[in-house]
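So the structure is just underneath, and the comments pick up after that.
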Amino acid sequence: MSLQGAAGADELIFYVNGRKIIEKHADPEQMLLSYLRKRLHLTGTKYGCGGGGCGACTVMISTYEPASKKIRHYSANACLLPICSLYGVAVTTVEGVGSTKSRVHPVQERLAKCHGSQCGFCTPGMVMSIYTLLRNYPEPTSEQMTAALAGNLCRCTGYRPILDACKTFCKESVCCQSKASGKCCLDHEEDLFDKEEKISTRLFSPDEFQPLDPTQELIFPPELMRMAENQPKRTLVFHGERMTWISPVNLDELLDLKAAHPKAPLVVGNTIVGPQMKFGGMFHPIVFSPARIPDLNVVKYTDDGLTLGAACSLSLVKDILRNAISKLPEEKTKIFYAVLKQLRTLGGEQIRNVASLGGNVVSRKSTSDLNPILAASNCMLNLASRGRKRRIPLGDIFADAVGNNTIMPEEILVSVHIPHSRKGEYISAFRQAPRRENALPIANAGMRVLFEEGTDKIKDLSIFYGGAASTTVHAKQTCWTLIGRHWNEQMLDEASRLILKEIALPGSACGGKVEYKNTLIVSFFYRFFLEVLQSLKTMDSCHYPGIPMEYESVLQDFQTKMPQSIQIYQDVDQSQSPQDPVGRPIMHQSGIKHATGEAVYIDDLPSVDGELFLAVVTSSRAHAKIISVDTSEALKGPGVFDIITADDVPATNEFHYSSDPEIIFARNKVICVGQIVCAVVADSDVHAKQAAAKVKIKYEVLEPVILTIEEAIKHNSFFEPKRKLEEGNVDQAFETVDGILEGEVHIGGQEHFYMETQSVLAIPRGEDKEMDLFVSTQHPAFIQEMVAASLGVPANRIMCHVKRVGGAFGGKILKAGLLASVAAVAANKTNRAVRLILSRGDDMLITGGRHPFIGKYKVGFMNDGRIRAVDAKYYVNGGCTPDESVLVAEVSLLKMDNAYKIPNLRCSAYACKTNLPSNTAFRGFGFPQSALVTETWITDIADKTGLSPEKIREINMYKEDEQTPFKQKFDPQNLVRCWNECMEKSAYHSRKTAVEEFNKQNYWKKKGIAIVPMKFPFGLGTRYLSQAAALVHIYTDGSVLLTHGGIELGQGIHTKMIQVASRELNIPMSYIHFRETSTTTVPNACASVGSAGTDVNGMAVKDACQTLMKRLQPIINKNPKGNWNDWIKEAFEQSVSLSATGYFRGYNENMDWEKGEGQPFTYFLYGAACSEVEINCLTGDHKNLQTDIVMDIGCSINPAVDIGQIEGAFVQGIGLYTMEELKYSPEGVLCTRGPDQYKIPAVCDIPERFRVSLLSSSQNPYAIYASKGIGEAGLFLGCSVFFALRDAVTSVRNERGLKKTFAMNSPLTAEQIQAACADDFTKMMTNDESASSISV
């Protein structure tokens, strides 16, 4: 059949939320996500990354199988699903699950009431993953639940409250009962509670939840059933603007098409072709969709194995294998078992549900976790082309490594045959990835050995590796050489050397991590060696002694378990009125709307008539002169309206806040990769992006290109001023100490990874140069100021509105201003509304994040552990413009002492000017970096003196009324209380003994434990930065409209402000509404930063409410028995004003850098965290076992919100210190541009036991209702995991006799842990011929 014959395109018929959709012009390039959002205006499904990596766009797909009469429900990423693949299916989005207008579904209700949403952007995706699981399993196990969420990321909550909501659906008991006694941990760990205090551990009450009733769900559309059963299947053809989609119904037809168009790819789940087209610049004019062909969906049990159709989804394969394992004898299922093990961690559930077995094989990607094990197991491929069928071993397609693919272009893979395992055959699969779940591997392997019957003599051996080259590789020589050898240490030694020689990567291999990959290649084989020895022992323990006891634990991989958690806080006083909400765990005001998808973010705003989409064109050079910008090709593109450059900016293009400018559009030169040079506006985002890719820029490279801190120091490239802090006499102190140590710590940067990317909608109003801006920002007044300056109009013409922000963490201040200006300039030039929504890749490329940091230190100490002198230098990598870099350097200096008294101190901080995108504010603001340096030398001193780290911490901790190095007085009593309480609650000493015991009994696995204190100073340094205002209106029906200058970023500020107004006006929260933050209602508001939002806005709201109550008092006194509505009516009739502004002048803070003293902070938060981890020395992998946090946050206004902030920050800290790695090319191009390459913590990374206690009876006289600003402090406590890992590594090194001090840099990834463990495998990497042979 030729394409011409299919000229008339078909109608695409499918259902969405029970509504029939007939699409007459289905475009194969359109994904379901954009179709739902732009065409059907269902904006609950969110764009998070566009690559299937974050789960924000999860929907449920339901299909009907006429043969079995079964309906199948599965979750999928809407961003990767082409609409053309949806013929005859039913799609359910979050709107179809439930809404506030109809009925809120139990999943939505529980997620909200368990406080499982903060910014709420990831919540619809979470809801859909849980909902789909419940449609298939109304009472799931906790394993099913954690697996269902493995493909969903959340950056705010730290996952604990989301999992709490999930547990309410699971059939097992929610209580931990972890102890052998079977009693609940709350019953017999009395030490957790102080009997006198009224303590609470419940943040929600399950008895209010409505039950899950499966009969209430949407039914599968009967029309689709009829279509599936009665309509003869026919070929479907869809023509798009640039691409044709053909879905044949039988194999012959597909083979004819493939013969005519051998280059056209087959698309089933679109998880390979989709990302290639989206991110890799590939384009296919024709694609074939073979999903409806029966031959490609076969499942056939044969005598010697299992044949699976190439179009079977990985989830289906997983279910089939699990079923086969349960029915067949163990001897036959070893291959199935190994394949299943790899499938469990391959992608997230959403990817496995659509990705096909055949696609995984044929793509020959080196990152495939399945190919090495399928190849090693001698799986067979059934191939077909027109008039020809053949069967080849799967390993053949990797026979000559990279070059030839044995499959011909016109051939297709029909099915894969997986054989049964035989007697005397052992099979294993291995992988190591940057994150245990939903992450591509760094390296993986499949291995199989067959012994001569009844012996340990190798008859056949097969070893395949992934991650080592551009495709899967076969260690053919090695296997061939080892045949006939006995399975013993001599063979192991020889095998390791042979494998390295045959497979090892050259030093310059792509993707880096060369030494680590080479080490993994050998350690995988070693692990296989141990597994087989152990199996031989079970077969015949007389002849085969197995492996030493202390090696056995390494045969168990780390598993993700449903975490057990406790949250402890002080209940409100019994005398408090039940109506007064302050101090109670109130649900987030938008919680239900987050969960139903009704909460509106910038890109959810309906389109404005004539709206244009903007795509930015960014620099590809780090430091260069712009010779020319050729836009001719771009302007010819379909739908292109105009191109915007620096010449179109009416007024200010460069903002001089300090010596170097912040720039909207680059004019003559570029100073980093990712700098905006110009922008394209077009009638759709697709057309704008296509045109942006056609803009050609010619550069002339300028020298020097400075990327790292080291290069900046070499070229003396810094932003002024440099800062210094001195106390005591350092040089003199160094002469009197017992010991001196010097060191250097490197801390990598961190991407904000807010779930909602930078977003702006600019709408010109057509008269008086007015413009409305809807921006995802922390600082509307700054947006207003910048846009007004760039357009050359007064600020009163620019209105900036913010309803809510989908996460920010410091990253939506200055950059949001520059991007808003880009959109505003475009809107001004075209006189049309302009929408600018950055893709995840562009967002990561353009915006910059946390400052990479180097701390160099020299510390003088006494033998008893007392620290006498510190001389330190801090360098932060500021990037190409000043932004907040000098301020970050200053804060890192002011907070460097953390919890310790340092009598003699000399510290300097430098902000380096480099050619990277400008780094900016990020939760913690310099403190997480400088305090990590401090804690590092604390542990160094412990190593040197032989004392324990906690001893050194205790000796040097602030104890009495003290003053900081800059002469600010404070009382550290709560610091000591947090430390002691954390010691006690975590049972630190007994657990430390248990850890030591475990380490004695295990060689390849080690545990570590660490406890870290924290003093976190609160303040913004100058008074005007913490002023705030509020506006409160009371309407005649008694309802209240509240506005203030704070922004809802997920930290629950509006909820807390309503709590404040409720207390002050003495009315229920339900009477009070908050609409949006806007420059029209509260002018000149400060940014919502530095944990200060509630502190300062709360004071302003309180002030406004008190003004109103003062006016109402005479009326209340006259009629004390009346109610609120009576009083308000009376007030109106007496002409009493029912509107008031409130104001707070800010905290009186100052710092004199000349003198090195001041009061830059208003008060201090204290905390302590104890974490325990377990590491696998062979791979460097680790598991977070337990964390106990005690935090002093004054009197919490809302314990549910505050504990959520602590946990969310802590998990972000785990990311910073142990996982999140930014990688740049030597030319300064960011390589980690999305969730595929950049791993933030997922469900599998949070501690298995997670306990947070708020310090009781703590008062703070400086802030509203004695509370404390909590947003940032918890992040640093994530370093307790870093130091627990260091503790585990230390125990490995001590056992192996490695006395040399070692440096640990952040993030402490598996690669670093493995290298620090320095075993025989790492020695082999250094080609040390004298390396001892590997022993068991």
Side-chain angles (χ1 to χ4, degrees), residues 619 621-623 658-660 662-663 670-675 704-723 744-753 809-811 813-815 844-857 872-893 895-896 907-933 936 1215-1217 1220-1233 1238 1275 1303 1305-1307:
S619 154
R621 302 285 186 280
H623 190 197
S658 59
S659 49
D660 298 68
E662 305 290 344
I663 304 163
V670 292
I671 48 176
C672 73
V673 173
Q675 187 176 1
V705 174
I706 301 170
L707 301 176
T708 63
I709 291 174
E710 291 88 342
E711 289 163 351
I713 295 171
K714 184 175 141 197
H715 289 282
N716 197 20
S717 173
F718 300 107
F719 293 114
E720 294 300 330
K722 305 181 180 80
R723 293 300 193 197
E744 189 171 305
V745 182
H746 294 237
I747 302 162
Q750 186 179 23
E751 162 62 33
H752 297 95
F753 214 97
F809 314 112
I813 307 170
L814 190 104
K815 275 298 188 313
M844 290 186 75
L845 180 72
I846 293 167
T847 60
R850 188 185 297 281
H851 291 75
F853 193 96
I854 293 182
K856 303 182 177 194
Y857 56 84
K873 285 191 169 70
Y874 301 138
Y875 299 90
V876 308
N877 189 334
C880 58
T881 67
D883 200 310
E884 312 256 17
S885 299
V886 171
L887 206 52
V888 168
E890 288 177 6
V891 170
S892 68
L893 269 190
K895 300 187 179 183
M896 63 73 64
C907 250
S908 351
Y910 307 85
C912 303
K913 180 178 174 182
T914 62
N915 297 112
L916 288 182
S918 191
N919 285 312
T920 185
F922 195 147
R923 198 180 205 163
F925 207 79
F927 171 69
Q929 293 104 307
S930 65
L932 185 80
V933 178
T936 298
L1216 167 67
Y1217 296 123
E1220 298 180 33
E1221 216 174 355
L1222 288 165
K1223 287 266 199 273
Y1224 292 89
S1225 76
E1227 295 73 45
V1229 183
L1230 179 68
C1231 308
T1232 43
R1233 265 193 241 177
Y1238 184 79
L1275 189 132
N1305 294 323
S1306 166

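What you see below is based on every heavy atom in this structure, not just the backbone, and it leaves out hydrogens, waters and symmetry mates. Because the structure is predicted, anything quoted here is derived from the model rather than measured.
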Test salt bridge (charged side-chain N to carboxylate O under 4.0 Å, His left out) applied to Glu751 - qualifying residues, sequence neighbours left out: none
Nearest heavy atoms of Val876 and Ile709, plus distance in Å: C-CD1, 4.2 Å
Under 3.5 Å donor-acceptor, Asn915 side chain and Val670 backbone: no
Short side-chain donor-acceptor distance under 3.5 Å, Ser918 and Thr881: yes
Any residue meeting side-chain hydrogen bond (donor to acceptor under 3.5 Å, both in side chains) with Glu1220, in chain and number order, not counting sequence neighbours: Arg155, Gln750, Tyr1238
Which residues share a salt bridge (charged side-chain N to carboxylate O under 4.0 Å, His left out) with Lys714, sequence neighbours left out: none
Taking every non-hydrogen atom, the tightest pair across Ala622 and Leu707: CB-CD2, 4.4 Å
Gln929 side chain to His851 backbone, donor-acceptor under 3.5 Å: yes
Salt bridge (charged side-chain N to carboxylate O under 4.0 Å, His left out) partners for Lys895, two or more places apart: none
Residue pair Ile706 / Lys913, side-chain heavy-atom distance below 4.5 Å: no
Side chain Asn919, main chain Gly878, donor-acceptor under 3.5 Å: no
Heavy-atom side-chain proximity of Asn1305 to Val745 below 4.5 angstrom: yes
Heavy-atom check, side chain of Phe853 versus side chain of Val933, under 4.5 Å: yes
Under the side-chain hydrogen bond (donor to acceptor under 3.5 Å, both in side chains) test, residues paired with Ser1225 that sit two or more places apart: Glu1227
Phe719 backbone acceptor or donor facing Asp660 side chain under 3.5 Å: no
Nearest heavy atoms of Ser930 and Ser892, plus distance in Å: OG-O, 2.8 Å
Heavy-atom check, side chain of Val673 versus side chain of Leu1230, under 4.5 Å: no
Side chain Arg850, main chain Arg923, donor-acceptor under 3.5 Å: yes
Any residue meeting salt bridge (charged side-chain N to carboxylate O under 4.0 Å, His left out) with Glu1221, in chain and number order, not counting sequence neighbours: Lys513, Lys1223
